[in-house]
Amino acid sequence: MLSDGRTSRLYKSLVEKQQLALSAQGYSGFPGDKYPNLMLFYALTAPGHTADEVGAALSKEVQQLKTEPVSAQELKRVKTQARAELLRSLNSNMGMAELLLEYEVKTGSWRNLFKQLEAIAAVTPGDIQRVAKVTFQPQNRTIGRLLPKGK
């Protein structure tokens with residue numbers, strides 16, 4: 001919802017609407033899956049804008065997720081994407097083997113893979129807001145900037 005693709009909040013806000021960034025994305029499980037609740041958000045600053053501007057806009061989007069419930073339409077779109085992504089990954093023997101192994105290792109049972117569709121369908125706007133409030137705390141944040149030499 002926040003950072004996956006061109007329909008995400010970060011892309012629509014920072015890249016399309018405000019034109020502060022050339023790209024804005026994020027993903028969880030970085031680096032690897034050692035820390036499953038670790039997330040990375042990043043943006044490539046657009047010419048004429050600063051890393052501070054982009055950082056402030058990114059923080060605003062994260063804060064909004066904590067303070068305003070997501071719309072039913074947005075949640076439906078994200079659920080549809082998550083469901084499709086999961087089903088696509090089961091499209092081959094290799095994909096299925098990888099996911100079965102991943103769920104066995106991460107959750108203790110490969111059977112949990114088949115409960116994932118139900119879990120996706122059960123997510124509510126309140127769940128998203130509750131998790132965002134717990135997860136996106138200032139003390140949990142590390143901010144880094146890659147700047148050109150001499151800046």
With rounding to the nearest 0.5 angstrom, report the [atom1] to [atom2] distance, [X] to [Y].
| X | Y | atom1 | atom2 | result |
| --- | --- | --- | --- | --- |
| Leu38 | Thr135 | CG | OG1 | 11.0 Å |
| Leu113 | Thr107 | CG | OG1 | 8.5 Å |
| Leu101 | Lys106 | CG | NZ | 10.0 Å |
| Asn112 | Glu118 | CG | CD | 11.0 Å |
| Glu102 | Ser89 | CD | OG | 8.5 Å |
| Gln81 | Lys79 | CD | NZ | 13.0 Å |

* Please walk me through it: do Arg83 and Thr80 pass side-chain contact (heavy atoms from CB on, under 4.5 Å)? -> CA-CA 5 Å; Arg83 178 184 163 96; Thr80 300; 5.8 Å; no
* Return the minimal non-hydrogen interatomic distance between His49 and Glu53, and the atom names on each side. =>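 Taking every non-hydrogen atom into account, CA-OE1, 3.0 Å.
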* Could you tell me which non-hydrogen atom of Leu22 sits nearest to which non-hydrogen atom of Ala46, and how far apart they are? =>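 Reported closest heavy-atom pair: CG-CA, 3.9 Å.
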Can you establish whether the number of heavy atoms outside [X] located under 6.0 Å from its atom [atom1] is more than 12?
| X | atom1 | value |
| --- | --- | --- |
| Arg77 | CZ | yes |
| Gln73 | CD | no |
| Glu104 | CD | yes |
| Asp4 | CG | no |

* On the 0 to 90° scale, with breaks at 30° and 60°, tag the Phe41-Phe136 ring pair as parallel, tilted or perpendicular. =>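 Phe41 and Phe136: tilted rings.
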* To do: State which residues pass salt bridge (Lys or Arg N to Asp or Glu O under 4.0 Å) with Arg145; sequence neighbours excluded, sorted by chain then number.
  =>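 With neighbours one apart ignored, the set is Asp52.
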Do [X] and [Y] sit in the same hydrophobic cluster, where Ile, Leu, Val, Met, Phe, Trp and Tyr count as joined when their side-chain heavy atoms come under 4.5 Å apart?
| X | Y | result |
| --- | --- | --- |
| Val62 | Val131 | no |
| Leu90 | Tyr103 | yes |
| Val70 | Tyr11 | no |
| Leu117 | Val123 | no |
| Leu87 | Phe114 | yes |

Residues 12-20, side-chain donor-acceptor partners within the protein, below 3.5 Å, at least two apart:
| unit_1 | atom_1 | unit_2 | atom_2 | d |
| --- | --- | --- | --- | --- |
| Ser13 | OG | Gln18 | NE2 | 2.7 |
| Ser13 | OG | Glu61 | OE2 | 3.0 |

Is a side-chain donor or acceptor of [X] paired with a backbone partner of [Y] at a separation under 3.5 angstrom?
| X | Y | answer |
| --- | --- | --- |
| Gln129 | Leu65 | no |
| Gln25 | Ser3 | no |
| Asn91 | Arg88 | no |

* **Contacts of Glu98 that satisfy side chain to side chain donor-acceptor pair (under 3.5 Å) - sequence neighbours left out** =>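 Partners of Glu98 under the side chain to side chain donor-acceptor pair (under 3.5 Å) test: none.
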* To do: Under the side-chain contact (heavy atoms from CB on, under 4.5 Å) rule, what do Met39 and Leu2 come out as? Steps first, then yes or no, please.
  => CA-CA 11 Å; Met39 296 174 207; Leu2 191 58; over 6 Å; no
